[in-house]
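Here is the structure we will look at.
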Amino acid sequence: MTYSEYWSYFGEDLFQQFGEHLTVVLLATLLGSIVGVATGIAVYRTPTASALAIRASGVLLTIPSLALYVLLLGLLGLGWPPVLTALTLYSLLPIVQNTIVGLQGVDKPTIEAAAAIGMSRRRRLVRVEIPIAWPIILTGIRVSALLLVSTAAIGAIVRGPGLGGAIYDGLNSIGTPTALYSALSGIGGIIIVGLILNVAFMVLARLTISRGLSD
Amino acid sequence: MTDPFIQLEKLTKTFPGIAEPAVDSLDLDVHEGEIVMLVGPSGCGKTTTMKMINRLVEPTSGRIVIDGQDVTDANPDELRRSIGYVIQQGGLFPHMRVRDNVAAVLQLLKWPAARIAPRVDEMLDLVGLDPSEYRDRYPKQLSGGQRQRVGVARALAADPPIMLLDEPFGAVDPIVREHLQNEFLRLQQEICKTIVFVTHDLAEAVKMGDRIAIVGDHSVVAQFDAPARILAYPANDFVHDFLGENAELRALSLIEISPDMLSNFPSISVARGNVESAQVQGPASVVLEAGQPVGWLTVDAGERHFLPVKPLALGPETTLSDALGQMVRDGAPAAILVDDAGRLAGCLEFSAVPRAVARAAASSSVSRRPRTEEEVSGVDHDV
């Protein structure tokens with residue numbers, strides 16, 4: 001069988017998996033950003049709480065993805081729910097850590113100037129601290145997203161969405177004519193997802209980071 | 001004597017965990033339209049004191065009264081919107097353009113956008129920055145001096161009656177610092193704000209202040225008076241040590257040369273271009289070329305020397321310090337002063353200087369001479 005023959009049979013499935021992969025990563029990143037940034041904002045002023053938040057999200061990351069998926073299987077079943085949940089949990093560490101570091105790193109005189117002008121705490125946070133910390137926070141989100149791209153592939157173990165399925169099928173059918181094509185298609189597709197996300201984040205950075213902050 | 005505009009009554013600040021108070025029962029008053037300098041060694045509490053005025057630091061006890069109102073417990077955010085605050089390097093928001101930095105308070109006060117834009121330009125003009133060139137720049141594209149100016153523009157935008165400055169000119173080099181100080185004094189003549197200015201630099205305090213508070217540990221005020229009087233009559237050892245050796249020399253830049261300090265020297269008139277032909281009349285004579293003094297003619301062991309000198313114009317901005325400078329620089333026997341028309345008004349001899357200092361310190365009407373347009377017209381706006 002040639003690759004084009006393989007493609008005529010399985011191309012449509014692959015496209016769907018490609019879409020699923022992109023979607024689950026983006027969704028998990030979004031959820032992780034909401035939770036992670038909120039957590040970072042809540043704790044960055046307190047050194048002990050900050051350390052705790054970073055430690056906790058770090059612990060999550062050390063749980064091998066295979067084990068986490070299987071654990072969540074019992075609670076959430078097969079398919080999207082366990083994968084989405086696991087990915088969201090994995091995304092937390094870089095986001096929480098970068099949010100904390102970014103906010104803590106804002107120049108003290110700048111914050112003092114904001115207070116001296118008469119800005120309330122909330123306004124200072126929204127108008128001054130977060131915009132200045134944003135490049136670092138966005139980097140955390142980007143790192144998370146790219147981390148999730150490969151971790152999502154393992155979700156195939158619980159029949160999760162995405163290109164992991166193609167790789168898994170390939171591994172399971174070693175010896176058949178399509179095995180290699182499946183695995184390679186899966187890997188290739190994941191690489192493309194990664195590239196697309198990289199470009200997307202570059203564009204996002206260009207659009208949302210103030211030019212006064214770039215080096 | 002009108003009521004003071006800012007009154008600090010028994011103001012105390014104790015930081016948690018530290019037994020000694022940073023500010024210990026301080027009483028201070030500031031009159032409307034005056035510049036009060038808080039000057040003292042590092043760590044004496046002067047910045048903490050100033051920050052209590054706009055409640056960036058909350059007092060442990062005591063009262064702050066501004067314009068007759070007790071603001072000790074007022075809403076701090078609202079209070080700060082009526083007080084301009086300038087720190088080193090301006091404290092600009094790096095992610096905002098200059099125009100948004102300057103407009104920051106105005107936006108808090110909910111000014112309509114149509115009013116904000118012209119006001120921003122007006123403020124940039126006021127601090128000597130061309131709006132069309134600077135309003136769209138980011139702080140990282142500005143030099144230290146320019147950032148400082150934007151910081152002042154931002155503090156002035158809402159036209160607050162009070163300004164607090166915390167070593168605003170500390171982070172720039174001496175030449176830029178002098179320019180900024182001169183421009184600030186010029187500005188103050190126009191806007192007449194009530195200003196509290198913290199510095200550790202005595203020279204800056206003497207130059208800028210209407211009154212100076214020499215501050216020691218725990219923000220204890222060792223002496224609070226006009227610069228000339230402090231320099232001439234230090235109240236105690238602490239002040240004396242702080243002023244350092246040769247404190248009296250600082251007073252020289254405060255005292256304007258008045259006609260009664262001058263004495264007459266013989267003068268020789270020559271036609272234009274004929275300086276060489278001047279006949280000697282005594283050991284030292286002023287040479288007048290077409291009625292205007294151009295220098296000294298001296299005789300030294302039979303040799304005649306012509307010393308060209310640029311005369312000083314008699315006026316509010318010409319001080320004993322300038323006269324002394326001329327004598328030292330040119331090696332002249334006395335400083336040559338001219339009137340508005342450029343004609344010889346008289347000469348200031350070296351011996352007249354100490355007398356003038358003593359008289360000025362004893363007088364009760366020592367005022368700072370204002371800087372004029374001519375003096376600051378040479379300012380380089382790229383610093």
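Quick caveat, the model's predicted, so the values are computed rather than measured. In what follows, every chain begins at residue 1, and chains take the letters A, B, ... in the order their sequences are listed.
- There is no contact between B:R137 and chain A, counting heavy-atom distances below 4.5 Å.
- Side chains of A:I117 and B:Y85 form no contact here, defined as non-hydrogen atoms less than 4.5 Å apart.
- For residues 53-60 of chain B, the interface with chain A (any heavy-atom pair closer than 4.5 Å) comprises B:N54, B:L56, sorted by residue number.
- Atom CZ of B:R119 is surrounded by more than 12 heavy atoms from other residues, nucleotides or ligands within 6.0 Å.
- Interface remark: B:L79 contributes no atoms to any contact with chain A (heavy atom separation under 4.5 Å).
- In this structure, A:R127 CZ and B:H95 NE2 are separated by 8.5 Å, a value rounded to the nearest 0.5 Å.
- Looking at A:L213 and B:K140, their side chains never come closer than 4.5 Å, going by heavy atoms from C-beta outward.
- Heavy-atom distances place both the backbone and the side chain of B:P94 under 4.5 Å from chain A.
- Contact residues of residues 195-211 of chain A toward chain B are A:S210, A:R211 (heavy-atom distance under 4.5 Å).
- In terms of non-hydrogen atom pairs under 4.5 Å with chain A, the most contact-rich of B:I87, B:V105, B:L108 is B:L108.
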Tabulate below the donor-acceptor pairs under 3.5 Å that side-chain atoms of residues 151-165 of chain B make, not counting sequence neighbours, or state none.
residue, atom, partner, partner atom, Å
B:R154, NH1, B:G91, O, 3.3
B:R154, NH1, B:N101, OD1, 3.4
B:R154, NH2, B:G90, O, 2.9
B:R154, NH2, B:G91, O, 2.9
B:D159, OD1, B:K193, NZ, 2.4

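- The environment of A:F15 atom CZ is sparse: at most 12 non-hydrogen atoms of other residues, nucleotides or ligands sit within 6.0 angstrom.
- Within a 6.0 Å sphere centred on NE2 of B:H200, heavy atoms belonging to other residues, nucleotides or ligands number 12 at most.
- Rounded to the nearest 0.5 Å, atoms CG (B:D77) and CZ (A:R124) are 6.5 Å apart.
- Residues from residues 50-84 of chain A never place a non-hydrogen atom less than 4.5 Å from a non-hydrogen atom of chain B.
- For the side-chain contact (heavy atoms from CB on, under 4.5 Å) with B:F93, the qualifying choice from A:I132, A:I111, A:T110 is A:T110, the only one to do so.
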